[in-house]
Amino acid sequence: MAAEDHNGGRSALIFLGTGCSSAVPNAMCLIQPSNPCDVCPQALTIPPDQNPNYRCNTSLLIDYCSSDGKHSYILIDVGKTFREQVIRWFTRYKIPRIDSIILTHEHADAVLGLDDIRAVQPFSPTNDIDPTPIYLTQYALESISEKFSYLVKKKVEEGKELRRVAQLDWRIIEENCETSFVASGLQFIPLPVMHGEDYVCLGFLFGERCRIAYISDVSRFPASTEHVISKDGAGQLDLLILDTLYKTGSHNVHLCLPQTLEAVKRICPKQALLIGMTHQFDHHKDNKFLTEWSEKEGIPVQLAHDGLRIPIDL
């Protein structure tokens with residue numbers, strides 16, 4: 001794989017992470033293995049890049065190749081496992097930098113890697129570099145200002161030492177489907193969804209030649225959002241990337257597999273890939289079930305995995 005030209009004349013989606021907030025393996029399955037778990041112990045014997053059940057926090061890298069052949073690298077979410085994802089997948093796919101960042105929301109699994117953005121920026125002991133544009137809601141910015149005040153403040157306080165930190169250009173986006181924005185030449189439409197009944201999270205619709213919706217954290221779709229991405233609404237998606245936390249039952253702030261598959265049937269994309277899984281999912285076994293479901297329903301659905309790279313025309 002190292003010899004393959006990953007950055008040729010076509011865009012690609014790279015799944016940097018496909019796991020839940022606590023990631024997989026679940027630490028308790030390894031330090032207190034009292035309950036049988038077939039998935040987590042694989043992490044002790046199979047290298048992560050060969051183990052589809054090793055899942056970091058959900059994150060997508062869009063390698064966008066514009067009409068002039070120039071590549072731009074757009075990162076959606078920067079979670080707790082960001083540094084691990086850079087070491088594993090940026091090196092595998094020869095990703096040289098990040099040109100733009102987009103945040104779905106401000107929870108830990110989407111933002112706690114922001115400090116490590118400096119590791120993929122040019123080195124400057126005086127922070128004299130072009131900042132990386134980062135697109136987020138006003139609410140998310142206010143929350144991040146409390147978590148990472150030193151990343152948001154533009155000036156060093158008098159009497160404080162200058163320290164090297166990530167340089168970010170904070171750009172506010174709206175929480176509605178009517179107001180699009182452009183990141184590194186690619187247009188995005190925000191897709192507000194409920195992440196619990198008290199919290200709005202954003203998914204994103206992008207791509208002109210292929211319509212792709214990325215929705216990583218959702219418990220319910222507002223009707224206006226579902227219309228934008230539905231075959232019976234604004235038009236069929238080529239690819240739906242959708243949240244599914246547990247294999248059975250339900251959850252108050254995420255879809256689980258039964259609700260995810262019902263949503264897929266309603267939205268009716270040409271294809272769907274699932275992300276955000278806990279250790280309840282065994283990649284190979286559950287993809288066999290999903291293959292059978294897909295044949296029955298006529299919509300191809302599979303679990304994604306960390307490191308999955310999909311060449312695509314955007």
Side-chain angles (χ1 to χ4, degrees), residues 13 15 17-21 57-60 62 76-77 102-107 109-110 135-140 173-181 187-207 210-278 280-281 290 293-294 297-304:
L13 307 178
F15 290 75
T18 58
C20 57
S21 181
N57 294 157
T58 52
S59 180
L60 183 73
I62 304 169
I76 300 182
D77 284 343
I102 302 173
L103 297 182
T104 59
H105 63 315
E106 43 68 60
H107 287 170
D109 56 344
Y135 299 84
L136 72 171
T137 65
Q138 181 64 41
Y139 179 84
I173 58 176
E174 301 298 324
E175 288 185 356
N176 64 68
C177 303
E178 289 77 40
T179 310
S180 64
F181 65 97
Q187 185 179 49
F188 292 83
I189 295 174
L191 300 172
V193 295
M194 304 312 297
H195 184 19
E197 287 304 305
D198 61 348
Y199 190 91
V200 175
C201 181
L202 293 183
F204 298 99
L205 174 66
F206 59 95
C210 288
R211 297 181 80 235
I212 301 163
Y214 179 85
I215 304 171
S216 60
D217 295 80
V218 55
S219 55
R220 180 174 64 82
F221 290 91
S224 57
T225 296
E226 189 163 319
H227 174 83
V228 171
I229 59 175
S230 295
K231 182 179 180 180
D232 293 336
Q236 188 176 32
L237 295 171
D238 292 282
L239 174 61
L240 172 63
I241 302 167
L242 186 58
D243 183 23
T244 192
L245 185 69
Y246 293 126
K247 194 158 60 172
T248 59
S250 62
H251 194 271
N252 61 321
V253 299
H254 287 278
L255 297 179
C256 297
L257 188 60
Q259 300 90 49
T260 299
L261 294 178
E262 285 301 315
V264 169
K265 287 198 290 185
R266 291 196 316 271
I267 295 167
C268 196
K270 294 179 182 178
Q271 179 183 0
L273 289 169
L274 308 185
I275 59 173
M277 291 82 70
T278 66
Q280 282 192 1
F281 287 90
L290 288 172
W293 184 94
S294 300
E297 299 294 340
I299 307 172
V301 180
Q302 290 281 272
L303 304 178

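Not measured: the values here are computed from a predicted model.
- Closest heavy-atom contact between Val264 and Ala272: CG2-CB, 4.2 Å.
- How far CD1 of Ile215 is from CG of Leu240: 5.5 Å, rounded to the nearest 0.5 Å.
- Note: Thr248 OG1 to Gln280 CD = 5.0 Å, rounded to the nearest 0.5 Å.
- Val200 is listed as a side-chain neighbour of Met194, based on a closest heavy-atom distance under 4.5 Å.
- Phe181 and Phe188 have parallel rings, their planes meeting at less than 30° on a 0 to 90° scale where 60° marks the start of perpendicular.
- Taking all atoms of both residues into account, the shortest heavy-atom contact from Lys247 to Leu257 is O-CB, 3.5 Å.
- Among all heavy-atom pairs drawn from Ser224 and Cys177, the shortest one is O-SG, 4.4 Å.
- Using a 30° and 60° split on the angle between ring planes, His254 and His251 fall in the tilted class, from 30° to 60°.
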> Are Phe281 and Leu274 close enough, and set up right, to give a side chain to side chain contact (heavy atoms under 4.5 Å, CB included), and what steps lead you there?
Replying inline: CA-CA 11 Å; Phe281 287 90; Leu274 308 185; 5.9 Å; no
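- At distances below 3.5 Å, not a single donor-acceptor pair connects side-chain atoms of Asn57 with backbone N or O atoms of Gly19.
- Put simply, the side chain of Ser59 never gets that close to the backbone of Gly17: no donor and acceptor are under 3.5 Å apart.
- Across every non-hydrogen atom of Pro190 and Ser180, the tightest pair is CD-CA, 4.2 Å.
- Annotation: the span from Ile76 atom CD1 to Leu60 atom CG amounts to 5.0 Å, rounded to 0.5 Å.
- Here CG of Asp243 is found 5.5 Å from CG of Leu255. Values are rounded to the nearest 0.5 Å.
- Taking the side chain as every heavy atom from C-beta outward, Gln259 and Cys256 approach each other to under 4.5 Å.
- Two residues are said to be in side-chain contact when any heavy atoms from C-beta on lie closer than 4.5 Å; Cys268 and Gln236 meet this criterion.
- Atom-to-atom distance recorded for His227:NE2 and Asp232:CG is 10.0 Å, nearest 0.5 angstrom.
- Phe206 is not listed as a side-chain neighbour of Ile102, based on a closest heavy-atom distance of 4.5 Å or more.
- Inter-residue side-chain proximity for Tyr214 and Thr58 is flagged as met; some heavy-atom pair is nearer than 4.5 Å.
- Of all non-hydrogen atoms in Ile229 and Ala213, the two that sit nearest each other are CG2-CB, 4.1 Å.
- Counting heavy atoms from C-beta on, the side chains of Tyr199 and Asp217 never come closer than 4.5 Å.
- Rounding to the nearest 0.5 angstrom, the gap separating the CG atom in Leu191 from the CD atom in Glu175 is 12.0 Å.
- Listed for the Thr104 side chain is no donor-acceptor partner under 3.5 Å among the backbone atoms of Cys201.
- You'll find the side chain of Ile267 reaches within 4.5 Å of the side chain of Ser230, heavy atoms only.
- Few gaps surround NZ on Lys265; more than 12 heavy atoms of other groups in view lie less than 6.0 Å from it.
- Looking only at distances, a side-chain donor or acceptor of Ser294 sits under 3.5 Å from a matching main-chain atom of Ile299.
- A heavy-atom distance below 4.5 Å is found between the side chains of Leu237 and Leu205.
- In this structure, Asp238 pairs ionically with Lys270, as a charged nitrogen and a carboxylate oxygen lie closer than 4.0 Å.
- When atom types are taken as modelled, the side chain of Thr278 and the backbone of Tyr246 share no donor-acceptor pair closer than 3.5 angstrom.
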> Taking it one step at a time, do Ile173 and Leu202 satisfy side chain to side chain contact (heavy atoms under 4.5 Å, CB included)?
Replying inline: CA-CA 10 Å; Ile173 58 176; Leu202 293 183; 3.8 Å; yes
>> Between Ile275 and Thr244, is the side chain to side chain contact (heavy atoms under 4.5 Å, CB included) condition met? List the steps.
In response: CA-CA 6 Å; Ile275 59 173; Thr244 192; over 6 Å; no
>> For a side chain to side chain contact (heavy atoms under 4.5 Å, CB included) check, start with the C-alpha distance between Leu261 and Leu290, then their side-chain angles and the critical distance, and finish with the verdict.
In response: CA-CA 10 Å; Leu261 294 178; Leu290 288 172; 4.0 Å; yes
